[in-house]
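The structure's right below; bear with me while I get my questions together.
Reminder, nothing fancy here: chain letters follow the sequence lines and each chain counts from 1. Since the model is a prediction, treat every value here as computed from it, not as a measurement.
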There are 2 protein chains.
Amino acid sequence: MTEMPSPDAIKVWARLMRVSRQLMERAEDALKEGSLPPLAWYDVLHELAEAGEGGLRPFQLIERTLFAQYNISRLLARLEADGLVEKLPVADDGRGQIIRVTAKGRETRRRMWAVYGRSIAELVGAKLSPDELGMVSALLGRLRHPPATD
Amino acid sequence: MTEMPSPDAIKVWARLMRVSRQLMERAEDALKEGSLPPLAWYDVLHELAEAGEGGLRPFQLIERTLFAQYNISRLLARLEADGLVEKLPVADDGRGQIIRVTAKGRETRRRMWAVYGRSIAELVGAKLSPDELGMVSALLGRLRHPPATD
DNA sequence: TCGATATCGATGCATTTGCATCTATGTAGA
DNA sequence: TCTACATAGATGCAAATGCATCGATATCGA
């Protein structure tokens, strides 16, 4: 059966899509202004930095970042070409590889964060109170699949 | 001054970006499954349908949809090639044109909405109560630039 | 053990996006 | 009016994305 959305649901959808696009664009612009790589690079470098020396398999990056498989494959190729990550063979699976962030990759991530973090502070942190931040993230968590538990 | 973001602000940012990407992707998938055009087409057809017989200038579409100028230019070319919109010369400005949705364009929009609206109902309407929907849209409105007034 | 099937990651090709710039028309100031 | 500048929209070219598929290895069931 075709249950159509309420006007309130439509409004949430519209704002979600526009606000996220607008904020993402602003953050990207700030990075460009600093001659830094795009946000997608940050996401990957961030996950790899958190993973530490053990690194991550490409498919783990796909799970964590939601990028498409071919997208990760090519993004990693670019990151490797720039010396930000290294690809290591993995002992017990001849198909796979381990991706590890290099020192240069960590440094790039750090410089990106100086700009990116400032964008987040300005675009989100400065607009809502701590209580409101908690509410938004709880409600957005409910829209996620699977729903967030915190 | 510009400080670094609080953990709560970071969490809101992260969820905003991930949830919006995830939901957008699902809505796109639903359209593809129905052999329908992508969401971007809907946005433009929707604005044009609301504008009525008077149509809209491309620069007005840019303001309303947040697409880049070159993006609108090419999107309109594709829509015209598919017979969904028509381009009319504008009397008092030789540089410009008026874009008007055709009957076929209206019909396509209608068919897209049957699928798109259902996605919104499932992905948003079904996940939050009416009160919660109101809260999210109010809070997201504060993140917009300029902030929403309602 | 072998054959079928699934998973990991890469890639050829078409489409789309991003950037810079172009053409054409409009506007404003000397 | 004539010149400089601004605005509307298109486009060439490079980069990124999406789609389908491939090659290689792993796994599972008979």
Donor-acceptor check, side chain of B:Arg26 to backbone of B:Ser119, threshold 3.5 angstrom: yes or no? no
Do any N or O atoms from the side chain of B:Gln22 and from the backbone of A:His145 form a donor-acceptor pair under 3.5 angstrom? yes
So A:Leu36 and A:Tyr42, do their side chains get closer than 4.5 Å, heavy atoms only? no
Rounded off to whole Å, could you give me the CZ-to-P distance for the B:Phe67 and D:dG9 pair? 16 Å
Whether B:Gln60 contacts D:dA8 is assessed here as follows: a side-chain N or O lying under 4.0 Å from the phosphate OP1 or OP2. Is that the case? no
Atom pair CG/CG of B:Leu48 and B:Leu76 - distance to nearest 0.5 Å: 7.5 Å
Pair B:Leu66-B:Asp43, side-chain contact (heavy atoms from CB on, under 4.5 Å): steps then yes or no: CA-CA 10 Å; B:Leu66 305 186; B:Asp43 288 352; over 6 Å; no
Short side-chain to backbone donor-acceptor contact, B:Arg57 and B:Gln97, under 3.5 Å: yes
pair B:Leu139-A:Leu133: side-chain heavy atoms closer than 4.5 Å: no
To the nearest 0.5 Å, tell me how far A:Asn71 CG sits from A:Thr65 OG1. 8.5 Å
Rounded to whole Å, please give me the gap between CD in B:Glu63 and P in D:dG9. 10 Å
Could you walk me through whether B:Ile120 and B:Trp113 pass side-chain contact (heavy atoms from CB on, under 4.5 Å), step by step? CA-CA 10 Å; B:Ile120 294 174; B:Trp113 179 244; 4.0 Å; yes
Can you check the B:Arg57 CZ to C:dG26 C1' distance for me, whole Å? 11 Å
Expected output is a numbered-order residue list: members of residues 19-45 of chain A with a heavy atom under 4.0 Å from any atom of DNA chain D. What is it? none
For the helix from C:dT1-D:dA30 to C:dA30-D:dT1, what angle separates the axis at the start from the axis at the finish, each from five pairs, in steps of 10°? 20°
DNA chain D contacts among residues 69-96 of chain A, heavy-atom distance under 4.0 Å: A:Tyr70, A:Asn71, A:Arg74, A:Arg78, A:Asp93, A:Gly94, A:Arg95
Answer whether the closest heavy-atom distance between the side chains of A:Phe67 and B:Arg21 falls below 4.5 Å. yes
